Number of protein chains: 2
Amino acid sequence: MKTGQLKGNLDLVLLAVLSGGPLHGYAVIAGLRDRSEGAFDLPEGTVYPALHKLERDGLVRSSWDDSGGRRRRTYEITPRGERALACQREQWLTFVHGVNSVLAAVTP
Amino acid sequence: MKTGQLKGNLDLVLLAVLSGGPLHGYAVIAGLRDRSEGAFDLPEGTVYPALHKLERDGLVRSSWDDSGGRRRRTYEITPRGERALACQREQWLTFVHGVNSVLAAVTP
DNA sequence: CTTCATACCTAGGCAGTCTAGGTATCAGCT
DNA sequence: AGCTGATACCTAGACTGCCTAGGTATGAAG
C-alpha cells in the first residue's frame, strides 16, 4: 500500500453503503464514490471479490435479477452484517483516535 | 487486514513519533505505545524494517551509539521527513474525512 | 547464574487490494 | 447497421505491507 485507498477498511465502507438499502454491485461502487465525495473510486476487481467474501461470511446476501435482459446481482445487508458494521465502526473510531493521539504532538 | 493494526499508516505514525525528537528504535516502539494510549503496540519485526526503509528513503537518518557496551541506533527525522510527515498527515485527514462521510449516513 | 527486560536484526508468510484481462447488454451516434 | 462508451458482471495472479518466528547480545534483578 499505499495499501490501496481503503487501508483495510473496505468491509466497513461497503457495509456502510449497503446499510442505506439494497444495491447491485455496480451501484455500490457509484454510491461509495458519491458518499465519499469522490475520495473513494474503487476498481471493480476490488469490490466484487469483497462482496463475495462478505456474502460467504453471512454479512450480506445477494439475489439475481435477470428481468430486462441485463443481469444484475443485488446485495443486501443481513442482521449479522448490521452487527458487524456497528462493531467495525467502533474499531474505526478507536483507530482514528489512536492515530490522532500520536499526531497530536506534531507541530500544528 | 485486520492487515495489522496500522492499516497502511505505519510511516505516518513513526515519523510523527520521531518529530518529537531523536529516539532509538526500541524507544520508538515504547513512544508509540504511550502516545497512542496503548492502542498501538507494534512488534519489533514491524518497526525495524520500517525504520530501515524510511532511512533508505531519506526521511530519517540514524547513528550508532556504542558507549556503555549496549549498542543503540538512534533515529532522527530529516527535513525531507518533516515534509513527508506534513504531506502524509494531510492525506490521513482527507482519508478520515472520506470514511466518516460514508459512515455519516449509518444510523448513529 | 538464571531469568527478564532491553536492544537489535532478517527471512519468509499471510492477507488485502489492485492490475489486467475476460464476457455481455444497452444507449447514442453516425 | 455498425461503432463506441457506459453499464454490469467476473477471476487469476501480482503486488505490497505488516506480522510471525526465529536469531544474537547486554544489563539488571533475584
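Lettering follows sequence order; numbering is per chain, from 1. Bear in mind the structure is a predicted one, so any value in this text is a computation, not a measurement.
Apart from A:Y48 itself, the hydrophobic cluster it occupies contains A:Y26, where clustering links Ile, Leu, Val, Met, Phe, Trp and Tyr at side-chain heavy-atom distances under 4.5 Å.
Both A:A50 and B:W64 sit near DNA chain C, but only B:W64 has its closest nucleotide nearer the 5' end.
In this structure, A:P43 and A:Q5 approach most closely via the heavy-atom pair CD-NE2, 4.4 Å.
Screening residues 59-86 of chain A for ring pair (Phe, Tyr, Trp, His ring centres under 6.0 Å) gives no qualifying pairs among residues at least two apart or on separate chains.
Although no hydrogens or angles enter the test, the distance criterion places a donor-acceptor pair under 3.5 Å between the side chain of A:N9 and the main chain of A:L6. Listed for the A:S19 side chain is no donor-acceptor partner under 3.5 Å among the backbone atoms of B:V106. Looking at B:R80, its side chain does come within 3.5 Å of a backbone N or O of B:D57 through a donor-acceptor pair.
A:R33 is linked by a side-chain hydrogen bond (donor to acceptor under 3.5 Å, both in side chains) to A:D41, counting only residues two or more places apart in sequence or in another chain. By the salt bridge (charged side-chain N to carboxylate O under 4.0 Å, His left out) test, B:E44 pairs with no residue at all, sequence neighbours left out.
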For every nucleotide of nucleotides 21-30 of chain D, 5' to 3': is a protein heavy atom under 4.0 Å from its base (B), only from its sugar-phosphate (S), or from neither (-)? B----BS---
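A heavy atom lying under 4.0 Å from DNA chain C marks the following residues of residues 12-43 of chain B, by number: B:H24, B:G25, B:Y26.
Taking atom CZ of A:R56 as the reference point, atom P of D:dC10 lies 12 Å away to the nearest angstrom. Rounded to an integer number of Å, the gap from A:D57 CG to C:dA15 C1' is 14 Å. C:dT10 atom C1' lies 15 Å from atom CG of B:L51, rounded to whole Å. Straight-line distance from the CG atom of A:L10 to the P atom of C:dT17: 5 Å, rounded to whole Å. For the pair A:D66 CG and D:dT7 C1', the interatomic distance rounds to 15 Å; values are reported in whole Å.
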List the steps, then state whether side chain to side chain contact (heavy atoms under 4.5 Å, CB included) holds for B:L42 with B:L10. CA-CA 10 Å; B:L42 303 181; B:L10 178 55; 3.6 Å; yes
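For the OP1/OP2 pair of D:dC9 and a distance below 4.0 Å, the side-chain nitrogens and oxygens of A:H52 include no atom meeting the criterion. Contact annotation: A:Y48 does not reach the phosphate of D:dC10 (side-chain N/O to OP1 or OP2, under 4.0 Å).
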